Amino acid sequence: MANIIKVLKGTKDILPQDIDMWHLLEEKANQVFSKYGFKEIRTPIIEVTELFSRGVGDTTDIVNKEMYTFEKSDRSITLRPENTAGVVRSYIENGMSRLSSPVKLWYKGPMFRYERPQAGRQRQFHQVGVEMFGIKDATADAEVILMAVNYLKSLGLNDLEVELNSLGCPKCRDEFKTKLKAVLKPYFNELCEDCQNRYEKNPLRLLDCKVEDCKKIFEKPEIQEVINSDFICEDCAHHYSELKLYLDKMGVKYNENKLLVRGLDYYNRTVFEIKSNNLGSQNAVCGGGRYDGLVGQLGGEPTPAVGFAMGMERLISLLPAKEPKKLDGYIVSNYPVDAFVLAEELRNQGLNVEFDLANKKFTKQLEKASKVAKYAFILGEDEILKNQVSIKNLELGKQITVDRANCTKMLDF
RNA sequence: GCGCCUGUCGUCAAGCGGUUAAGACCUCGGAUUGUGGUUCCGAUAUGCAUGGGUUCGAAUCCCAUCAGGCGCCCCA
C-alpha cells in the first residue's frame, strides 16, 4: 500500500454510492431553470488567462492567488475558477447579443481554485449557475433570485436565508468608498492587517471583516452612519426598491444586509447570497448579483446582466443521504445459459437486471439478490422445463410462478 | 501563506511503554445438496502513515517528513 497513487489534495472522487445525489441536482436544475426559459450552455474548462484577469478582476483573490495557470505554446491558459467570465466570453463570441433578449443560460460543471481545502471547500468543486443577459430592469434580478429559491425548494431546502444588498453603480459606489475611507482614516492603525490592505485595495470588503476589534470599530456611531446611509443614487435606489417590491409580491423572504459584499469586482447594484447554518464556516450555498459592466469590459456591446452560482458539494452536504437504487431483478439460477437469456429478455423489456456471472451456489445467489434487487427471478430445472419463472418479492417474501412470456407484467405483487 | 487537531485492516475503531494488536461492519468461503436478508463456523494487519531517535523493550514518548481534517484569509 506504500506506493499507491492518491487523489490530489482538494479533489475528490464522486463514488457510485453518491452519484444519485448529483443526478438529482442536475435533473432539478434542468427542470426548474427550463421553466423560466433558461437553456444549458457548456463552455470549456480551460480558457485564456486574460479572460479571468480582465473579467473577474485583477484585485480579487481568485485571480491573484487562486488560479491554476500554465503556459502552453506561448499562451497563458487557466483552469476556470468560476464560469461567469466563460459564459460572457461565449455570449460575445457567438454573437448572442443579436438574439432576442433576454438571453437566459445555465451551466453546471467543475471549477478550480488553488486554496487550502476545508469544510465546504475543495480545489476542484462544482457549481450550477445561471446568467441572464439583456435586461436592466429589476424584474430580471427578481426572476433570478426567485428561481434560485425555487431550485433550492425543489431539492427540499426550504429554510435557507436570502441576504440582499445593493452596491449601487460605479459612480455612487465610488462616492461611498471615498466617504467610508474618510471616516475610517482615524482608526486606520487599529484595523487588522487584512483590513489595512483592504482599505486601499477594496474598501467595500472591509465591511465583512470578522475580526472582533475591527467589528467594534465599525460599530462606532459615525461609521455606522456612513454604512447605513443610503449612499446609492436615485436610479440605483429605484432599481433596488423595485426589486424588493417584486420579491415581496412573489413571497420571497430576504434580509437586507448592508454589509454584504461579493468578492468579485464585476458586481454592481444587486448582490445576494443564500446561506445555511448547517455548513460550518463556509456557509454560503449561493452567491450572485448584477454585473452590467462585464460584457462591455470583455469587449462586447455594453449589456446588462444578472446571475448566480451555487456550490454543488455544499448543497449535497445539506441534503439527506439517499439510499442507493436497487436493481429491479436478480436472476437466481444454476443454468447460466438460461439465466443469461432471461436477463437479456428482461433488460429488453426495460428492467435493470443482473445474474450471477460466476454461477455460485443457489443460496449465495439468493442472498446476493436480496441485497441488491427488489425481485429475484428464479430459474431452476422445473421452471425451465415448463417455460416458467418464479418471481420472488424480496421485501415481502412472497413468491409466484408464472409463464415466462408475461413475467414482467407480474411485478406489482 | 498562517494557526490548531489527527494518522492502527476496505470501513468504523480498542489499545495510553511489556497484549499472540481487541471488537464491529463489509468482503470471501463453509454448515444447511432449490429459497435469502436470522443462525453457526472459518479466512482476512509479522504490522500500527514514512524515516530517524529515546528505552532492556514502542502503535504507545520525542523529532522530522508526508498525508488528512478544521479554522483564518477568500469564496460557492
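Residue numbers start from 1 in every chain, and the chains themselves are labelled A, B, ... in the order their sequence lines are given, proteins ahead of strands. Quick caveat, the model's predicted, so the values are computed rather than measured.
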Does [N] have a Watson-Crick or wobble mate here (both distances under 3.5 Å), and if so which one?
N	value
C61(B)	G53(B)
C9(B)	none
U33(B)	none
A43(B)	U27(B)
G3(B)	C70(B)
C75(B)	none

Using the [atom1] atom as the reference point in each nucleotide, state the distance between [N] and [M] in Å, no decimals.
N	M	atom1	value
G68(B)	U44(B)	C1'	26 Å
A43(B)	C75(B)	C1'	50 Å
U6(B)	C61(B)	P	10 Å
U19(B)	A59(B)	P	9 Å
U60(B)	G15(B)	C1'	8 Å
C9(B)	A49(B)	C1'	14 Å
A13(B)	G23(B)	C1'	8 Å
C12(B)	C26(B)	P	15 Å

Do the side chain of [X] and the base of [N] come within less than 3.5 angstrom through a donor-acceptor pair of N or O atoms?
X	N	result
R314(A)	C75(B)	yes
E367(A)	U35(B)	no
E383(A)	G34(B)	yes

Students often get this wrong, so: under 4.0 angstrom with heavy atoms, is [X] touching a base, only sugar-phosphate, or nothing?
X	result
E381(A)	base
A369(A)	nothing
G380(A)	base
E115(A)	base
D382(A)	base
L315(A)	nothing
G288(A)	nothing
Q365(A)	nothing
G120(A)	base

In terms of side-chain geometry, is the basic nitrogen of K65(A) or E115(A) positioned less than 4.0 Å from the acidic oxygen of its partner?
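Looking at K65(A) and E115(A), the cut-off is not met.
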Where the side chain of [X] is defined as all heavy atoms beyond and including C-beta, which of [options] is the nearest nucleotide?
X	options	value
P117(A)	G71(B), C73(B), G69(B)	G69(B)
S390(A)	A76(B), G36(B), G34(B)	G34(B)
A284(A)	G34(B), A76(B), G3(B)	A76(B)
K12(A)	C70(B), A76(B), G69(B)	G69(B)
L366(A)	G71(B), A76(B), G36(B)	G36(B)
Q282(A)	G34(B), C72(B), A76(B)	C72(B)

Would you please say whether a donor-acceptor pair under 3.5 Å links the side chains of [X] and [Y]?
X	Y	value
N334(A)	N359(A)	yes
Q388(A)	T401(A)	no
E131(A)	Y291(A)	yes

When you look at E40(A) and R42(A), which way does the salt bridge (charged side-chain N to carboxylate O under 4.0 Å, His left out) test go after all the steps?
CA-CA 7 Å; E40(A) 186 177 356; R42(A) 300 188 186 183; 2.9 Å; yes
Rounded interatomic separation in angstrom, taking [atom1] from [X] and [atom2] from [N]:
X	N	atom1	atom2	answer
I384(A)	G34(B)	CD1	C1'	12 Å
R121(A)	C72(B)	CZ	P	8 Å
Q399(A)	G37(B)	CD	C1'	15 Å
K65(A)	C2(B)	NZ	P	12 Å
N393(A)	U35(B)	CG	P	19 Å
L15(A)	U11(B)	CG	P	12 Å
K326(A)	G37(B)	NZ	P	13 Å
K9(A)	U65(B)	NZ	P	14 Å

Check: protein-nucleotides 27-31 of chain B nitrogen or oxygen pairs below 3.5 Å:
from: A31(B); atom 1: OP2; to: K361(A); atom 2: NZ; distance (Å): 3.0

Side-chain donor-acceptor distances from residues 137-149 of chain A under 3.5 Å, at least two apart:
from: D141(A); atom 1: OD1; to: H239(A); atom 2: NE2; distance (Å): 3.4
from: D141(A); atom 1: OD1; to: R290(A); atom 2: NE; distance (Å): 3.2
from: D141(A); atom 1: OD1; to: R290(A); atom 2: NH2; distance (Å): 2.6
from: D141(A); atom 1: OD2; to: H239(A); atom 2: NE2; distance (Å): 3.1
from: D141(A); atom 1: OD2; to: T270(A); atom 2: OG1; distance (Å): 2.6
from: D141(A); atom 1: OD2; to: R290(A); atom 2: NE; distance (Å): 2.9
from: E143(A); atom 1: OE1; to: K104(A); atom 2: NZ; distance (Å): 2.8

If you pin H126(A) and F362(A) to their nearest nucleotides in RNA chain B, which one's is more 5'?
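Its nucleotide being nearer the 5' end, the pick is F362(A).
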Does Y240(A) have K244(A) sitting over its ring (NZ/CZ under 6.0 Å from centre, angle to axis within 45°)?
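That pair qualifies as a cation-pi contact.
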Could you tell me whether R123(A) sits above the aromatic face of Y114(A), with NZ or CZ closer than 6.0 angstrom to the six-membered ring centre and within 45 degrees of the axis?
yes
How about Y254(A) and F272(A): are their ring centres within less than 6.0 Å of each other?
no
Residues 309-321 of chain A side chain polar contacts: donor-acceptor under 3.5 Å, at least two apart:
from: E313(A); atom 1: OE1; to: H126(A); atom 2: N; distance (Å): 2.9
from: E313(A); atom 1: OE2; to: H126(A); atom 2: N; distance (Å): 3.3
from: E313(A); atom 1: OE2; to: H126(A); atom 2: ND1; distance (Å): 2.8
from: R314(A); atom 1: NE; to: G120(A); atom 2: O; distance (Å): 2.8
from: R314(A); atom 1: NH1; to: A284(A); atom 2: O; distance (Å): 2.8
from: R314(A); atom 1: NH2; to: G120(A); atom 2: O; distance (Å): 3.0
from: S317(A); atom 1: OG; to: R314(A); atom 2: O; distance (Å): 2.8

Side-chain N or O of Q118(A) less than 4.0 angstrom from OP1 or OP2 on G69(B)?
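It does not, given that no N or O in the side chain of Q118(A) lies less than 4.0 Å from OP1 or OP2 of G69(B).
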For a side-chain contact (heavy atoms from CB on, under 4.5 Å) with D292(A), tell me which candidate from P304(A), P170(A), P302(A) qualifies.
P304(A)
